[in-house]
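Worksheet for the structure shown next.
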Number of protein chains: 2
Amino acid sequence: MTIKLTSKDDEKRAKIFKALSEVKRIEMIRYLVRHPEHKTCGEVGESLGMDKSNVSYHLKILYEADLIHIYRRGQNKYGQLREDTFNAFLPGFLDSL
Amino acid sequence: MTIKLTSKDDEKRAKIFKALSEVKRIEMIRYLVRHPEHKTCGEVGESLGMDKSNVSYHLKILYEADLIHIYRRGQNKYGQLREDTFNAFLPGFLDSL
DNA sequence: TCTGTAATTTGAAAGTTTTACAACTATCCG
DNA sequence: CGGATAGTTGTAAAACTTTCAAATTACAGA
């Protein structure tokens, strides 16, 4: 079932687009698509050459747009794509990466 | 035929997402979807309550992301959606508005 | 509890985007 | 030509985003 969007969702749409309006964040999403074993923040940062506080910053923006889910296991935090959001707002996007 | 995108297109994707990361610009796109008779800048601005220089500013951002086409006829300039770009980068988006 | 590793927060600096106004250019028509 | 209408450009202020380093919190394991 596909969710019907309306102009009421413009704020949400804008937030999602803003979250994806930086190359670095698109790369982070791509990294998560390609590594579905749920990568840690550290791995994401290392593989994209970002410093850790910057990774935190960008992940938070993706999280606040509901594009990813973050959960802790032990010392690590793992990022997980929220396919529900991508499917509702950007169908086909993840496959295009 | 659908165009195949790659990580080389990240700059372009980011630019498109940035262009759509403001509610005002999403509203402008919606206005153009709903009024396919090619509305003038003035009509867009008036209907969204924006001043004319601000309309110019936002239309330029949409234009530079290849989301719209702009042509002059007489005193007026008309905005026209670039469905090719929407289809390549955001399939389904226009229909969701 | 102490130590080390993982991630977040904070705050300052640098950079970018948005707004608004006034001055400007382009076109039309009498 | 001159006046009217449509849109653009310059510029400055305000608002927002990004980066980076240092301080801080969270957790695991000895």
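Nothing here was measured: the structure is a model prediction, and the numbers come from that model. Each chain gets a letter, A, B and so on, in the order the sequences are listed, and its residues count up from 1.
Taking atom CG of residue B:Asn54 and atom P of nucleotide C:dA22, one finds them 15 Å apart after rounding to whole Å. Across the protein-nucleic acid pair, A:Ile68 atom CD1 and C:dA7 atom C1' stand 13 Å apart, rounded to whole Å. With rounding to whole Å, B:Lys52 atom NZ is found 14 Å from C:dA26 atom P. Rounded to an integer number of Å, the gap from B:Leu48 CG to C:dT19 P is 12 Å. What separates CG of A:Asp51 from P of C:dA7 is a distance of 13 Å, to the nearest Å.
Hydrophobic clustering (ILVMFWY, side-chain heavy atoms < 4.5 Å, transitive): B:Leu90 and B:Leu94 are in one cluster. No chain of hydrophobic side-chain contacts below 4.5 Å, direct or via other Ile, Leu, Val, Met, Phe, Trp or Tyr residues, connects B:Tyr57 to B:Val55.
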List the atom pairs, with distances to 0.1 Å, where a side-chain N or O of residues 16-34 of chain A and a protein N or O form a donor-acceptor pair under 3.5 Å, not counting sequence neighbours.
residue	atom	partner	partner atom	Å
A:Ser21	OG	A:Lys18	O	2.7
A:Arg25	NE	A:Ala19	O	2.7
A:Arg25	NH1	A:His58	ND1	3.1
A:Arg25	NH2	A:Lys18	O	3.2
A:Arg30	NE	A:Leu97	O	3.0
A:Arg30	NH1	B:Asp10	OD2	2.7
A:Arg30	NH2	B:Asp10	OD1	2.8
A:Arg30	NH2	B:Asp10	OD2	3.4
A:Arg34	NH2	A:Leu97	O	3.1

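Here CE of A:Met50 is found 10.5 Å from SG of A:Cys41. Values are rounded to the nearest 0.5 Å.
Between the side chain of B:Arg73 and the backbone N or O of B:Gln75 there is no donor-acceptor pair closer than 3.5 Å. Remark: side-chain polar atoms of B:Ser56 are not paired, donor with acceptor, to backbone N or O of B:Ser53 under 3.5 angstrom. Although no hydrogens or angles enter the test, the distance criterion places no donor-acceptor pair under 3.5 Å between the side chain of A:Thr40 and the main chain of A:Asn76. A donor-acceptor pair under 3.5 Å is formed between the side chain of B:Asp51 and the backbone N or O of B:Asn54.
Atom CD of B:Glu83 has 12 or fewer heavy atoms from other residues, nucleotides or ligands within 6.0 Å. Around CD of B:Glu46, the count of heavy atoms belonging to other residues, nucleotides or ligands within 6.0 Å does not exceed 12. In this structure, B:Glu64 places its CD atom where more than 12 heavy-atom neighbours from other residues, nucleotides or ligands lie under 6.0 Å away. By the 6.0 Å contact criterion, OH on B:Tyr78 is enclosed, its count of non-hydrogen atoms from other residues, nucleotides or ligands being greater than 12.
Here chain B contacts DNA chain D (any atom closer than 4.0 Å to a heavy atom, that is under 4.0 Å), and the contacts span D:dT5 to D:dT9 from 5' to 3'.
Comment: B:Asp66 does not engage B:Lys15 in a salt bridge, judged by the lack of any side-chain N to carboxylate O separation of less than 4.0 angstrom. In this structure, A:Lys39 pairs ionically with A:Glu37, as a charged nitrogen and a carboxylate oxygen lie closer than 4.0 Å.
A residue-by-residue look at B:Ser53 and A:Lys24 shows that B:Ser53 has its nearest nucleotide of DNA chain D further toward the 5' end.
Near-neighbour residues of DNA chain C inside residues 56-65 of chain B, defined by a heavy atom below 4.0 Å, number-ordered: B:Tyr57, B:His58, B:Ile61. Listed in residue order, the members of residues 71-79 of chain B having a heavy atom less than 4.0 Å from DNA chain C are B:Arg72, B:Gly74, B:Gln75. Contacts with DNA chain C (heavy atom under 4.0 Å) in residues 11-22 of chain A: none are found.
Heavy atoms only, all atoms of each residue included: A:Phe86 and A:Leu81 are closest at CE1-CD2, 4.1 Å. Between B:Arg82 and B:Ile68, the shortest heavy-atom distance links the atoms CG-C, 3.6 Å.
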Practice item. Quick one: the dot-bracket string of DNA chain D, using Watson-Crick and G-U wobble pairs with both distances under 3.5 Å, [ ] for crossing pairs and | for bases paired to another strand. Key: ||||||||||||||||||||||||||||||
